[in-house]
Amino acid sequence: DAGVTQSPTHLIKTRGQHVTLRCSPISGHKSVSWYQQVLGQGPQFIFQYYEKEERGRGNFPDRFSARQFPNYSSELNVNALLLGDSALYLCASSFLTGTGSYGYTFGSGTRLTVV
Amino acid sequence: QKEVEQNSGPLSVPEGAIASLNCTYSDRVSQSFFWYRQYSGKSPELIMSIYSNGDKEDGRFTAQLNKASQYVSLLIRDSQPSDSATYLCAVNYNGANNLFFGTGTRLTVIP
């Protein structure tokens, strides 16, 4: 079975641009969560979606948005990119909303560099 | 107060020694606790989970949870150079749909 897949793996954008990151969860998993990891820090929660509905939002500005599709894949969108948005963006999938007893399985991440 | 705190290290241990990694968390009702290993440039990988007070062993890894003192620790026995990585502590608090991560402790195992 394929794990959590994310695309693209690396991305370079200019300040002010928009970016879309994509994630496909493990087959059968209905929940997708997005995390941002700045170099030297732990992952910070951005969003969680379950059955296409937003179930949680972290402390990020409105420039960050996401959605989940009927096949449970998800997109994270970031508008008006800032240098500080440079980070590793991680997608995690789980069977149920929340973490329950499973923890998360993370994808390999998208490394975003804003110049 | 930060939700989850870890000593950022670096922590260096000789090969074959026991590595001890510690984590404290804030005074909230907590449910689940996790240790992730993250190699440089890679994504976090779940290595241990623990939910009740006491010890949980899995191979060379032992997780210890003490809810009264609000700490969780990870012991790595017979440390190997391949254990060199950053170890992230994560906590799920009741009512939250997400994990709170510490900043991670960088471990180096010296051959």
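Throughout, protein chains are lettered first and strands after them, A, B, ... in sequence-line order, and every chain is numbered starting at 1.
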Open item on the list: Are A:Y104 and B:F34 an aromatic pair, judged by ring center distance below 6.0 Å?
Closed with: no

Open item on the list: How about CD1 on B:I18, more than 12 heavy atoms from neighbouring residues, nucleotides or ligands closer than 6.0 Å, or not?
Closed with: no

Open item on the list: Any non-hydrogen side-chain atom of A:P43 less than 4.5 Å from a side-chain atom of B:L88?
Closed with: yes

Open item on the list: So does A:G107 get a backbone contact from the side chain of B:S43, meaning a donor-acceptor N/O pair under 3.5 Å?
Closed with: yes

- [ ] For atom CD1 of B:I110, decide whether the heavy atoms of other residues, nucleotides or ligands shown that lie under 6.0 angstrom number more than 12.
- [x] yes

Task: Heavy-atom neighbours of B:K67 NZ exceed 12 at 6.0 Å - done: yes

Task: B:F101 and A:F45 aromatic centres sub-6.0 Å - done: no

Task: Atom CG of A:L83: over 12 foreign heavy atoms under 6.0 Å - done: yes

Open item on the list: In the structure I gave you, are the side-chain heavy atoms of A:R57 and B:N98 within less than 4.5 Å of one another anywhere?
Closed with: no

Task: Side chains of A:Y35 and B:L99 in contact at under 4.5 Å (non-hydrogen atoms) - done: yes

TODO: State whether the number of non-hydrogen atoms from other residues, nucleotides or ligands found under 6.0 Å of A:R15 atom CZ is greater than 12.
DONE: no

Task: A:N71 CG: over 12 foreign heavy atoms closer than 6.0 Å - done: yes

Task: chain A contact via B:Q38 - side chain, backbone, both or neither, heavy atoms under 4.5 Å - done: side chain

